[in-house]
S.K.: 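Below: one structure in structure tokens.
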Amino acid sequence: AITPTDTNAVTARLVSSNPGIGSTPVINGSSIATFTVDAGNGTDVVTVNGTTAGDDIAVDRTASTVQVNALQTVTIASEAIVVAAGLGDDVIAVTGAGASSLTVDGGQPTASDALNLTATNATVTYGTDPSSGTVNDISFLGIEHLGLFGDGTGTLTVNGTSGNDAINQNGNSVTVNDGATVDFADYPTLTLNGNNGDDTFNVHPTTLVGVNTFNVSGGDPTASDTVIINGTAGDDAIVYSPVSLDSGNVTVNGQVTNFTGTEHLTINGLSNFTGDSLTVDTASIDGTQVLTPGSTFDSGSVDFLTGGFDT
């Protein structure tokens with residue numbers, strides 16, 4: 001484990017070895033211009049520790065370097081790198097790509113550590129613990145906030161779990177249950193996947209910035225996923241276009257939300273006034289549609305009772 005202690009000083013400790021050498025030596029280095037750890041042959045893990053305060057930690061995977069605050073930069077040649085931020089409100093910023101696996105541990109406290117990643121495409125998958133999971137090939141734990149930054153050409157995919165999920169989008173922010181919040185910029189395509197379980201998506205598509213394609217997929221099972229699409233507090237022009245039994249799209253003021261694997265759709269205009277309009281576009285379906293008014297003047301349901309969908 002490597003602990004930077006000054007701008008040109010580190011403490012290096014051998015935590016374990018196989019075969020064992022009977023001790024865990026500690027090396028204190030100072031007046032260091034360049035510090036490189038070469039773990040040699042075998043399957044090795046090098047850990048870089050943060051401090052007990054809030055840290056800004058920069059990880060350059062292309063150069064294989066880690067720098068804690070303005071302390072000594074550590075260059076690492078190893079199969080696996082672990083960044084252990086420790087105590088404090090830490091921000092770990094990762095750039096580039098590399099052959100070494102990377103694990104980021106935000107440590108304590110449990111509400112304030114952030115992992116920022118710059119990548120053309122990004123995929124977030126949550127673990128069993130709300131503050132753990134993966135983003136691309138980076139494993140994380142003890143992380144409460146994910147900041148993802150694209151280049152204006154790629155796709156951001158946020159996956160749910162294998163259980164019942166509550167997936168929410170408002171602005172350029174996505175949450176899955178109590179997991180790390182995903183804040184993002186410069187991804188023109190956003191995809192939310194429920195995967196397994198009875199999932200509920202609650203989205204506000206008109207609040208997205210820089211997103212041209214917005215996809216929602218309920219996944220399995222095929223009878224229990226719900227999508228709630230919200231309008232604005234103003235006058236909204238909303239068009240619902242069913243495509244198949246569990247797919248279609250909803251357009252709110254020009255912003256399109258595509259959905260698949262969805263068995264229940266709710267459209268909430270949000271306005272308390274009379275300026276919202278809802279159009280059901282039946283160009284892709286045959287049969288009979290029945291409108292049932294709701295308990296208030298601005299509510300109701302549409303059922304597709306007979307007929308099939310065009311192919």
Side-chain angles (χ1 to χ4, degrees), residues 1-108 113-125 127 131-143 146-149 151:
I2 309 300
T3 304
T5 56
D6 205 337
T7 55
N8 59 358
V10 300
T11 295
R13 179 187 301 272
L14 178 63
V15 177
S16 64
S17 64
N18 186 17
I21 61 174
S23 64
T24 54
V26 177
I27 300 173
N28 295 306
S30 61
S31 300
I32 299 170
T34 302
F35 185 81
T36 301
V37 179
D38 187 344
N41 296 327
T43 302
D44 306 303
V45 179
V46 175
T47 299
V48 179
N49 295 317
T51 73
T52 57
D55 296 318
D56 289 314
I57 302 176
V59 182
D60 185 336
R61 300 188 73 190
T62 302
S64 197
T65 60
V66 178
Q67 185 175 28
V68 179
N69 304 319
L71 303 178
Q72 175 69 51
T73 298
V74 180
T75 303
I76 302 169
S78 176
E79 290 76 20
I81 299 172
V82 175
V83 175
L87 301 177
D89 300 338
D90 306 305
V91 178
I92 302 96
V94 180
T95 59
S100 299
S101 68
L102 175 63
T103 299
V104 174
D105 183 352
Q108 299 292 323
D113 296 304
L115 169 60
N116 295 335
L117 173 65
T118 300
T120 298
N121 299 292
T123 299
V124 178
T125 302
S131 63
S132 70
T134 62
V135 53
N136 290 355
D137 61 343
I138 302 169
S139 299
F140 65 86
L141 64 155
I143 294 294
L146 294 171
L148 305 178
F149 306 95
D151 62 5

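Just the heavy atoms: all of them, side chains too, but no hydrogens, waters or symmetry mates, feed the values below. Throughout, residue positions are numbered sequentially from 1 according to the sequence presented.
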S.K.: Any idea which heavy atoms bring T47 and A84 closest together, and the distance?
M.R.: CG2-CB, 4.0 Å
S.K.: Can you list every side-chain hydrogen bond (donor to acceptor under 3.5 Å, both in side chains) pair that touches residues 81-105, not counting sequence neighbours?
M.R.: D89-S112
S.K.: Give me the atom names and distance for the closest heavy-atom approach of N8 to Q72.
M.R.: CA-OE1, 3.0 Å
S.K.: Report the distance from atom OG1 of T125 to atom CG of N136, rounding to the nearest 0.5 Å.
M.R.: 9.5 Å
S.K.: Quick one: pull up CG in D55 and CD1 in I92 and give me the separation to the nearest 0.5 Å.
M.R.: 8.0 Å
S.K.: Which heavy atom of V10 sits nearest a heavy atom of F35, and at what distance?
M.R.: CG2-CE1, 3.4 Å
S.K.: Apply side-chain contact (heavy atoms from CB on, under 4.5 Å) to the pair V135 and T123, showing each step before the final yes or no.
M.R.: CA-CA 5 Å; V135 53; T123 299; over 6 Å; no
S.K.: Check whether D6 reaches the backbone of A9 with its side chain - one donor and one acceptor, N or O, closer than 3.5 Å.
M.R.: no
S.K.: Indicate the atoms forming the closest heavy-atom contact of F140 with L115, along with that distance.
M.R.: CB-CD2, 4.0 Å
S.K.: Which one of T120, N121, T118 satisfies the side-chain hydrogen bond (donor to acceptor under 3.5 Å, both in side chains) criterion with D151?
M.R.: T120
S.K.: With rounding to the nearest 0.5 Å, note down the distance linking OG1 in T51 to CG in N69.
M.R.: 5.5 Å
S.K.: About how many Å separate CG of L141 and OG of S131, when rounded to the nearest 0.5 Å?
M.R.: 6.5 Å
S.K.: Roughly how far, to the nearest 0.5 Å, is OG1 of T52 from CG of L87?
M.R.: 6.0 Å
S.K.: What's the shortest heavy-atom distance between D137 and R61, and which atoms?
M.R.: OD1-NH1, 2.8 Å
S.K.: I need the minimum non-hydrogen distance between A1 and N49, along with the two atoms involved.
M.R.: CB-ND2, 3.9 Å
S.K.: Between V124 and L148, is the side-chain contact (heavy atoms from CB on, under 4.5 Å) condition met? List the steps.
M.R.: CA-CA 10 Å; V124 178; L148 305 178; 3.6 Å; yes
S.K.: V66 versus I57: any side-chain heavy-atom pair under 4.5 Å?
M.R.: yes
S.K.: T7 side chain to L71 main-chain N or O, any donor-acceptor pair under 3.5 Å?
M.R.: no
S.K.: Only one of V74, I76, L102 passes side-chain contact (heavy atoms from CB on, under 4.5 Å) with S64; say which it is.
M.R.: I76
S.K.: Please tabulate, one pair per line, all N/O donor-acceptor pairs under 3.5 Å involving side-chain atoms of residues 27-34, not counting sequence neighbours.
M.R.:
from : atom 1 : to  : atom 2 : distance (Å)
N28  : OD1    : T11 : OG1    : 2.8

